[in-house]
Every structure is written in structure tokens, then in C-alpha cells.
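These notes concern the structure reproduced below.
Every value quoted in this text rests on a predicted model; they were computed, and no experiment measured them.
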Amino acid sequence: MNYAANEGRYADMPYNRSGKSGLKLPPISFGLWHNFGGVDHFENSRALARHAFDLGITHFDLANNYGPPTGSAEEVFGQILKKDLLPYRDELIIATKAGYRMWDGPYGERGSRKSMLASLDQSLKRLGMDYVDIYYSHRFDAETPLEETMSALDQAVRQGKALYVGVSNYNAEQTEQAAAILKGLGTPFIIHQVHYSMFERRLEQGLQDILAKEGVGSIAYSPLARGLLTDRYLENIPADSRAAGGSVFLRPEDITEAKIAKSRLLNALAQERGQSLAQMALAWVLRKGLVTSALIGASKVSQLDDNVAALKQPHFTQEELDLIDHILSK
């Protein structure tokens, strides 16, 4: 049976302008870092992507090396696009990135023109697309002149292979320098993807001020601290959890008693607000419009529903914000 998107998908989802650009993103975006690899069940990945779009989530975030194996997340999403979402291509914002290790040899990672443009060509083939909406430099490369990396992004736009560009994991100074170069080239630099959550607040260490000055939006990855800001680890490490499964992204030693103690106190506040801990953590990241969008992952469609429900109660009192800061400072 052919997929037909939910006709009411835009009724309840708000959209935020990314910086001073004309591009609007949903406050909750779907990251395909996990659960879209070649080792995952395709029909579950397909159901997740379809349900996300049915909820009004128009932005899907990828990178060249997402999987496992590397590259397979783009291949899987390309299949989903072909089977289900292609009729809605102009309603979708699809992003990919390059910078971390993708293939063997000196050109399979980092920020050279060779690496960035070759990687984009490979990504487009895996996705079965002519262009992506956003192409990112996934990390700053101290071994390559920043002008070279930024000019590669500029070339991707001029070739029609990307509409907008962004950077990820750049500090405030690096971001300011990138913005100046891209402005000089006339390239639409609209977004910075940053690790940001209650437990990771580097965005507040000068970066947000630079983004505001340059008119660049932000999108937070790992806003739930890879599950630590959910109810998954409040008592123990579940057998079916990422940490128990030997993930390199969340190990048992990362789940410290100090963090769990904070999560329990935050969970109590979330319950007082009538939210789950995850919903409150997402609302906190999006508070006062500081962040354009928060990237979530999911392994079940119910998790998408739960996370989007965070938008029903986005506001905090100053007393609540002060209490959160007090808990986090312990």
C-alpha cells in the first residue's frame, strides 16, 4: 500500500527561522545517527521516518559515516525516500555532513576540498538525490586552512549540490572566522550544529553570542545526553539499553552516580510540571528561542510522540530555571 502523509501534519507543529535566513525548521528534528544503519531492521527505520513526517518533522539529519556500517544510514534513508517520501521532497529538509573518518587513506576524513567534495558526491549517490538542503563541515580541521574548507562548502552550493551550509563542533572563535569567510564568498551559512543539553553547555560559552551576531541558527545534538536525561537510567542500566549493548557513544562508566542523582532531581521537577524528564530536557534546550531546533533519535514511533509532546509545555518560570541551574551545579 502506498504511503500517504498525514494531512494534518502541519496543524500543530510550529517552525522556527534558522538565524536570519528564510529557512524554517521544526523545533524537533529527526537525527538518523542511530537505528538507520544497515544492521537495523529496515521496516522499523521506515516506520520511524514516516511517522516523524506525519508529526510535522520535516528535517532529517544525516552524515556520511552514519550507520553502521559507514554510509548505510544514507543508503537506508535513500530507500525510504524512494519508496515513500519522494512525492514530498520539496517539503523536506535533508542534511548531511563530512569531516570524520569515512574511507581509507588521507582523503577519507577532515576538511580538504578533495575530501569535502568527494564525500558529498558519494552521499548524493547513496541518497539517490541531486542535492541536499544543508551540507555541513562536521568538525574543524586544524590541518587544513579554514578558507579551503569553507570554499569547498561554497563550491557545493554553486554547483547546485547543496542549498545551504553549516558547521558542527566548531568553537566560538572558529565559527566567527568561518562566518567571515562565508560572508565574503556570499555563501548561505545558516546553522551551527552543537552538542548541547543540561549536562553539556558549551553553546553558552561565547558561541551563542557569535551566532546571534552573525545571524546563524543553531541545532542541538544529544539534547537528552544520550539517554541520561530520560527515565531509562534512573534506577539501573536496562539490559536492552545503548549502554548495556557496548555502544561506543554511551558506556556504563559514563553513567555516574553524580549524574544519575541530578537526573532524579530533575525528574521530580519534570513530574511537577506534568512532563517526562525527556520532555522537560527538550523544552529546556529550546527555551526562550535560544536554539532553532533539537535533534532527537528514536528506536520506536512512541518515542517520537513523547518527544514532540514536549512542545505542549515549552515555558519555564524563573523559579524553575533557577532550580534547574542549582541542581546542575551540585
Side-chain angles (χ1 to χ4, degrees), residues 5-18 24-36 44-61 88 91-93 196-200 217-235 238 240-242 262-317 319-321 323-324 327-328:
N6 171 26
E7 293 183 357
R9 60 191 177 277
Y10 297 120
D12 298 318
M13 180 67 72
Y15 295 86
N16 301 325
R17 199 155 64 106
S18 185
K24 291 185 176 181
L25 298 177
I28 301 293
S29 296
F30 195 18
L32 310 189
W33 190 9
H34 301 287
N35 303 311
F36 278 78
N44 186 59
S45 302
R46 185 182 185 186
L48 289 168
R50 288 162 51 151
H51 193 66
F53 186 55
D54 282 341
L55 291 172
I57 297 175
T58 54
H59 180 29
F60 295 84
D61 179 83
Y88 307 97
E91 299 180 40
L92 303 175
I93 301 298
Y196 185 55
S197 72
M198 289 180 176
F199 287 157
E200 172 50 71
S218 58
I219 184 166
Y221 72 85
S222 296
L224 303 181
R226 301 187 175 105
L228 292 177
L229 290 169
T230 72
D231 60 7
R232 292 278 280 164
Y233 301 102
L234 294 180
E235 301 301 330
D240 63 345
S241 68
R242 188 181 300 170
K262 292 177 182 180
S263 293
R264 288 176 183 143
L265 292 172
L266 292 168
N267 186 57
L269 175 58
Q271 290 179 338
E272 290 178 12
R273 285 170 49 85
Q275 292 179 303
S276 68
L277 175 55
Q279 289 167 347
M280 187 179 77
L282 289 170
W284 182 88
V285 163
L286 295 166
R287 72 199 185 285
K288 299 179 182 178
L290 293 176
V291 169
T292 308
S293 186
L295 274 172
I296 62 165
S299 58
K300 304 173 185 176
V301 294
S302 60
Q303 292 172 333
L304 291 169
D305 292 324
D306 290 342
N307 288 340
V308 169
L311 303 177
K312 294 179 180 178
Q313 192 172 351
H315 303 296
F316 291 85
T317 66
E319 182 181 6
E320 288 172 331
L321 292 173
L323 177 56
I324 289 171
I327 292 170
L328 294 172

**Request:** Any chance you could measure L92, atom CG, to T58, atom OG1, to the nearest 0.5 Å?
**Result:** 7.0 Å
**Message:** Main chain of P26, side chain of S293: is a donor-acceptor contact present, judged purely on distance under 3.5 Å?
**Reply:** yes
**Asked** Got a second to check how far L224's CG is from M280's CE, nearest 0.5 Å?
**Response** 11.0 Å
**Asked** Nearest heavy-atom pair of N307 and A278: which atoms, and what distance?
**Response** OD1-CB, 4.2 Å
**Prompt:** Side chains of L304 and I28: closer than 4.5 Å at any heavy-atom pair?
**Reply:** no
**Request:** Keeping the roles fixed (side chain from S263, backbone from L234), state whether a donor-acceptor pair exists under 3.5 Å.
**Result:** no
**Asked** Is it true that a side-chain atom of K262 and a backbone atom of L328 form a donor plus acceptor pair closer than 3.5 Å?
**Response** yes
**Prompt:** Quick one: are K288 and L321 in side-chain contact, heavy atoms under 4.5 Å?
**Reply:** yes
**Asked** Where is the tightest heavy-atom contact between A310 and A283, given as atom of each residue plus distance?
**Response** O-CB, 4.2 Å
**Request:** Quick one: list whatever passes salt bridge (charged side-chain N to carboxylate O under 4.0 Å, His left out) with R17, sequence neighbours left out.
**Result:** none
**Message:** Measuring only between side-chain heavy atoms, which start at C-beta, is D231 closer than 4.5 Å to S276?
**Reply:** no
**Prompt:** Under 3.5 Å, is there a donor-acceptor pair between the side chain of D54 and the main chain of N6?
**Reply:** yes
**Item:** Exam field: side chain D61 to backbone G31, donor-acceptor pair closer than 3.5 Å
**Value:** no
**Item:** Minimal non-hydrogen separation, M13 against L55, with atom names
**Value:** CE-O, 3.4 Å
**Request:** Using the test side chain to side chain contact (heavy atoms under 4.5 Å, CB included), find all partners of R50 that sit at least two apart in sequence or belong to another chain.
**Result:** Y3, R46, D84
**Heavy-atom closest pair, residues A47 and V301** = O-CG1, 3.8 Å
**Asked** Is there a donor-acceptor contact under 3.5 Å linking the side chains of D305 and H51?
**Response** yes
**Asked** Got a donor-acceptor contact below 3.5 angstrom from the Y10 side chain to the G56 backbone?
**Response** no
**Asked** Taking only residues two or more places apart in sequence, or in another chain, which ones meet E272 in a salt bridge (charged side-chain N to carboxylate O under 4.0 Å, His left out)?
**Response** none
**Item:** Residues that E320 engages under side chain to side chain contact (heavy atoms under 4.5 Å, CB included), provided they are two or more places apart
**Value:** L269, R273, F316, T317
**Item:** Shortest non-hydrogen contact between L282 and A294, atoms and distance
**Value:** CD2-CB, 4.0 Å
**Asked** Between F30 and I296, which heavy-atom pair has the shortest distance, and what is it?
**Response** CD1-O, 3.4 Å
**Prompt:** To the nearest 0.5 Å, what is the distance between CZ (F53) and CZ (R9)?
**Reply:** 4.0 Å
**Prompt:** Is the backbone of N35 close enough, under 3.5 Å, to the side chain of S45 for a donor and an acceptor to pair up by distance?
**Reply:** yes
**Asked** Any side-chain donor paired with an acceptor under 3.5 Å for S222 and S197?
**Response** no
**Fill in**
Output for pair (S18 OG, I219 CD1), nearest 0.5 Å, gives 8.0 Å
**Request:** Step through it carefully: locate the ring centre of F60, locate the ring centre of F36, and say whether they are under 6.0 Å apart.
**Result:** no
**Message:** So F199 and R226, do their side chains get closer than 4.5 Å, heavy atoms only?
**Reply:** no
**Item:** Distance in Å, W284 CH2 paired with L266 CG, rounded so as to fall on 0.5 Å steps
**Value:** 10.0 Å
**Asked** Can any side-chain N or O of Q279 pair as donor or acceptor with the backbone N or O of D306 at less than 3.5 Å?
**Response** yes
**Asked** How many angstroms lie between CD1 in I93 and CD1 in I57, if you round to the nearest 0.5 Å?
**Response** 14.0 Å
**Asked** Which residues satisfy the side chain to side chain contact (heavy atoms under 4.5 Å, CB included) test with A220, sequence neighbours excluded?
**Response** Y196, V285, V291
**Asked** Is there a donor-acceptor pair under 3.5 Å between the side chain of H59 and the backbone N or O of L25?
**Response** no
**Asked** Is the backbone N or O of Q313 less than 3.5 Å from a side-chain atom of Q275, with the two atoms forming a donor-acceptor pair by type?
**Response** yes
**Contacts of type side chain to side chain contact (heavy atoms under 4.5 Å, CB included), residue N16, not counting sequence neighbours** = P27, T292
